[in-house]
Every structure is written in C-alpha cells, then in structure tokens.
Amino acid sequence: MTSEGRTRLNRLPEWAALGKHREQLGDTHLRELFAADPERGTRHTLRVGDLLLDHSKHLVTDETLTLLRELAAATGVAELRDAMFRGEKINTTEDRAVLHTALRAPRGAVIEVDGENVVPGVHAVLDKMGAFADKVRAGAWTGHTGKPVKNIVNIGIGGSDLGPAMAYEVLRSYTQRDLTFRFVSNVDGADLHEAVRDLDPAETLFIVASKTFTTIETITNATSARDWLLTGLGAGQEAVAKHFVALSTNAEKVEEFGIDTANMFEFWDWVGGRYSYDSAIGLSLMIAIGPERFREMLDGFHLVDEHFRTAPPEENAPLLLGLLGVWYGAFFDAQSHAVLPYSHYLSKFTAYLQQLDMESNGKSVDREGNRVDWQTGPVVWGTPGTNGQHAYYQLIHQGTKVIPADFIGFARPVDDLLPGLVAQHDLLMANFFAQTQALAFGKTPDEVRAEGVAEELVPHKTFQGNHPTTTILAEALTPSVLGQLIALYEHKVFVQGAIWNIDSFDQWGVELGKVLAKKIEPVLTEGEGAEQLDSSTAGLVAAYRSLRGR
Ligand SMILES: O=P(O)(O)OC[C@H]1O[C@](O)(CO)[C@@H](O)[C@@H]1O
C-alpha cells in the first residue's frame with residue numbers, strides 16, 4: 001500500500017484548519033479550560049482494558065480534538081491501520097508486511113502474508129519456547145557437564161535486547177528468583193565481561209538474539225561468549241549445543257555460527273526488530289516469568305490491538321495519543337516528548353520507547369521519497385519520575401521548552417514488596433499526582449505574593465503552568481498491563497507515522513555508521529587507509545593509535 005497521489009500534509013485543508021485554530025487558541029490557559037468546564041477531567045478520560053488515560057491536562061478543546069480527528073481521516077490513518085492488520089506490505093521500502101499484531105493473535109485467528117496463514121507458525125514457536133522455558137525453569141536443561149543451567153545471558157542489541165531487558169525489569173517480581181538473568185548488548189567488551197565474570201560456565205546458557213544474525217555487535221559478543229564458555233569448560237565445539245540457543249529469522253547464519261538449528265526459535269521478516277520482544281526474542285523473559293505469564297502479557301497486547309482496530313475515533317486511545325503528539329510538534333514546535341513512569345520497575349521503559357519511537361519515526365522523507373516539511377518524530381526521553389523531579393523537572397516546570405509528558409503510575413505496589421515498604425507507595429503516588437497538577441496549573445505571581453514572598457523573588461517563584469501531560473493509571477503492573485502499555489505506544493507511533501506519511505517500519509538511518517565503522521576498524525588496527533579519512537577523523541584516529549601505543 002503506497003500513499004501515491006496523497007495531498008501533502010501541510011497542503012490539506014484540515015492542516016490549515018488546525019493552524020487557524022491554534023492561532024485562536026493563543027495562550028489559553030489550562031486554568032481557564034478547567035474553570036469553564038467542571039467536568040473536564042472526567043470528560044477527557046478514556047478507559048482501555050486496565051488502563052485509565054486522563055488527557056484533560058492537554059492544551060486542547062473539544063474543537064481541537066475534532067479537527068485532529070478530521071486530519072486523521074484525511075490522511076487515511078484507519079485505512080493504513082486496516083492494511084497493516086490484514087498483512088499488506090505497508091513497509092514499502094523493505095517490501096514487507098508489518099504484523100507484530102499477529103504475534104499476539106489468538107490460536108484460531110487467520111492472518112495471511114502472501115496467501116499463507118501465519119498464526120499457526122506463531123503458536124508453534126510459542127509452544128516450543130514454552131516447552132524449553134519450562135525445562136530450564138525446572139532445572140531439567142543441563143549443560144555439557146550435566147549441571148542444570150541457572151544463568152541465562154541474552155546477547156542481542158536494539159530490539160533484540162531492549163525489549164527483553166526492559167520487560168525483565170518490569171516484571172521482576174514475577175521472575176523465578178533462583179535463576180540469574182543478564183543482558184549483554186554493547187560491543188564494548190566490558191559489557192560481556194561484567195555479565196559473565198561471576199558465572200560458572202557449566203551453569204550458563206547464552207541466548208543469541210538477532211533477527212538477521214549478522215549484527216556485528218551481537219556476533220562479536222556471541223563469539224567471545226563461546227570462547228569464554230569453551231575455555232572455562234575445557235571443552236570443544238560439542239559443548240556449544242547445550243549452552244547456546246538462537247532467536248532469529250536466519251537459520252543459515254545460525255548454523256554457520258555453530259548453533260544447532262533444533263535450538264533455534266524462529267520469527268519472521270514481518271516482525272520489525274523494535275516490535276519483536278513478544279516473538280521468540282522474548283525467550284529470556286519467558287524463562288524468567290514462565291510461559292503462562294508470558295501469554296498473559298500477549299493477551300494484554302492483543303486487547304489493545306483490538307481496541308485500536310475497532311474503537312471509534314472518539315474513544316480510540318492510540319489514535320488520541322498519536323494526534324496529540326502531532327498537534328504539539330506541528331503547532332507548538334515541541335521537539336521532545338517525556339515519558340515519566342512512577343514505578344521503579346519501569347526504569348528501562350523509556351529507553352525501550354526511544355527505539356520504538358525514534359527508530360520508527362525519525363525520518364525526513366515521506367513514503368514516496370520526498371522531503372517532508374513538517375516535524376516528524378520527537379526526541380523521547382525520561383527516567384522514573386521521582387528521580388527526575390530532583391534532576392531535570394526544573395526545566396519542564398520553568399524552562400522555555402514545550403515538553404508534553406506522559407505520567408504512568410499504579411494504584412498498588414507489587415505483591416511481594418516487603419511489608420514495611422508498602423506504605424511508601426502513597427508518597428510515591430502523591431508526587432505523581434502533584435506533578436501533573438503543578439505542571440498544568442502552575443502558580444501565579446499573585447499566589448506567590450500572597451505567601452509573603454519578597455517582590456524581587458516573585459518572578460523566580462512563579463510557575464507559568466500550562467505544561468501538557470497525559471496521565472496513565474492502572475491498578476497494578478501485571479504482565480497483561482505491560483502488554484497493554486507497549487501496544488498502546490506501538491500504535492501511537494503508527495498513527496503518527498501514518499499522518500506524517502513516513503515509513504515507520506524501516507531504519508535506513510542506522511546503516512551509514514555501520515558501513516563507516518567497518519572501514520575505520522582496519523585503520524585503527526593496521527594504521528592503513530587514514531589518508532581516506534577527513535582531517536578531523538584522521539586526527540582523532542591518529543591520537544587514538546598513539547594513546548594505544550601503536
Ligand atoms: O536483531 P538484529 O538483526 O541483530 O538487529 C538488531 C537491531 O539493529 C537494528 O537493525 C538497527 O541497527 C535494529 O532495528 C534492530 O533491532
């Protein structure tokens with residue numbers, strides 16, 4: 001499905017209408033919007049599965065939302081969504097279907113790519129993963145020396161690392177505690193070194209996760225891990241089968257590396273790397289939380305997939321979140337988007353979303369290859385909220401930038417929290433609610449003066465407010481809720497890409513650096529070819545070589 005013949009986004013009448021509306025809105029303050037509508041908070045709250053989404057603290061009126069939905073209609077968001085769910089090749093630059101939604105489709109569903117139903121294959125791999133995970137969890141998967149495997153090291157990068165590493169942290173309280181999990185991604189040897197230094201090779205299983213099985217960082221780390229293992233065991237190649245499994249689409253390369261393809265868990269080219277942790281790429285997570293919890297997570301994903309596919313525009317949460325991002329980027333010149341979870345378990349959540357969003361929508365040509373002249377994907381950033389409050393919230397509250405932010409919190413702490421720590425949860429959540437309130441409504445100079453503050457300090461202690469936020473609240477951070485949250489963001493990113501008319505599913509922008517690194521490496525090691533480098537890089541390389549004593 002291409003978008004040929006589509007009117008350029010900023011020439012659409014719906015775009016012009018939004019521009020005009022933005023002018024009319026001017027500096028309208030959230031204080032005014034709330035004062036004019038006592039029901040605003042409840043009217044602007046959506047419920048999707050277990051998620052409650054309050055979007056009342058956004059710089060929008062009912063008219064804004066209507067105009068944004070008209071823009072979505074004019075840009076064919078629903079048509080592209082349906083084409084995605086049908087398995088059409090909407091990733092046109094790679095000529096691929098985009099079917100991460102098939103990874104969580106129920107067993108009986110029928111989703112076809114090139115005339116073949118892919119759902120049975122998805123479940124066959126899930127079943128194989130389940131059997132393997134159960135075996136490891138039961139201590140029945142033994143290594144070369146006969147000892148049960150206790151340490152699981154996932155080696156992968158990008159989508160083959162961020163998803164499982166993030167989800168492992170999120171669902172830590174559901175993990176089997178007598179197993180150790182490590183995640184190695186960086187080609188800096190320090191990463192693998194720190195991951196394995198205290199492990200017994202006889203009890204260690206490496207999961208090599210790579211869609212292509214050609215990614216230099218992953219193959220380099222996997223090769224070093226194999227050396228470490230074989231040296232530690234004093235064994236030959238025959239030990240690899242018990243200590244290495246692969247997650248990949250590329251059986252040939254897996255075999256070439258020396259991993260038995262019987263120990264390979266397959267996925268498919270219609271799963272993008274950053275959309276893959278609910279595929280075989282989630283094997284480490286499945287071992288950690290068990291197949292049953294993993295399936296609950298998939299059900300959570302599926303619930304939001306169905307919501308996105310079927311909910312009317314007025315109630316469609318991913319559509320709404322996507323449109324709000326378009327609104328701020330285009331008409332408020334917002335450059336970034338903060339995601340601020342109030343859960344320690346979500347400490348890697350924003351890093352995960354960075355790849356999901358920025359690798360998907362960090363594009364500057366449209367699907368026909370024309371340069372866009374509107375903003376595309378924002379810089380996504382953030383860390384757990386309370387820590388952020390004591391670091392960078394100053395800038396969000398009183399800086400000069402428009403930073404829309406998502407606040408994510410939970411009513412209940414995890415079940416196995418030490419009883420003495422449960423009481424801290426209300427304090428955490430008091431901060432959660434206080435921050436969005438302060439950001440929205442601020443503090444006027446008169447309110448500051450009323451507190452007896454000296455006049456010269458009044459500007460410094462004034463909070464302008466009017467900073468837009470979404471609040472996402474759920475009862476608890478369960479596997480299903482995690483699936484719901486990720487699917488929510490996946491589809492939000494989809495909506496934005498559809499409106500901006502970019503291919504959200506390719507990632508050509510990562511290629512150039514890879515090619516240049518390959519050329520530079522021999523210059524570093526052999527010192528040959530430096531004359532082909534620009535003067536800055538040549539100087540830096542020379543300095544590096546000299547510091548290395550070469
Ligand atoms: O799973 P692979 O093929 O090793 O790729 C890892 C990552 O590299 C990228 O292609 C970017 O370089 C990501 O899209 C992907 O998640």
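Side-chain atoms are counted along with the backbone in the values below, which use heavy atoms only and exclude waters and symmetry mates. The chain is numbered in sequence order, starting from 1.
- Counting non-hydrogen atoms of other residues, nucleotides and ligands closer than 6.0 Å to CZ of Arg43 gives a total above 12.
- Remark: the backbone N or O of Lys363 is paired with a side-chain donor or acceptor of Thr376 at under 3.5 angstrom.
- Between the side chain of Ser276 and the main chain of Ser279, no donor-acceptor pair closer than 3.5 Å is present.
- No more than 12 heavy atoms of other residues, nucleotides or ligands lie within 6.0 Å of NE2 in His344, so this atom counts as exposed by the packing criterion.
- In summary, the aromatic rings of Phe331 and Trp15 are positioned with their centroids under 6.0 Å apart.
- Residues Gln484 and Val48 share a closest heavy-atom pair of OE1-O, 3.8 Å.
- A side-chain contact (heavy atoms from CB on, under 4.5 Å) with His44 is found for exactly one of Leu320, Thr470, Leu65, namely Leu65.
- Taking all atoms of both residues into account, the shortest heavy-atom contact from Val271 to Lys211 is O-NZ, 2.8 Å.
- Between Arg295 and Glu292, no side-chain nitrogen of the basic residue sits less than 4.0 Å from a carboxylate oxygen of the acidic one, so the salt-bridge criterion is not met.
- Under a cut-off of 6.0 angstrom, the local environment of CD in Glu194 is crowded, with over 12 non-hydrogen atoms contributed by other residues, nucleotides or ligands.
- Comment: Lys20 does not engage Glu23 in a salt bridge, judged by the lack of any side-chain N to carboxylate O separation of less than 4.0 angstrom.
- Side-chain contact between Lys443 and Glu451 is present, with heavy atoms from C-beta onward closer than 4.5 Å.
- Under a cut-off of 6.0 angstrom, the local environment of CD in Gln176 is crowded, with over 12 non-hydrogen atoms contributed by other residues, nucleotides or ligands.
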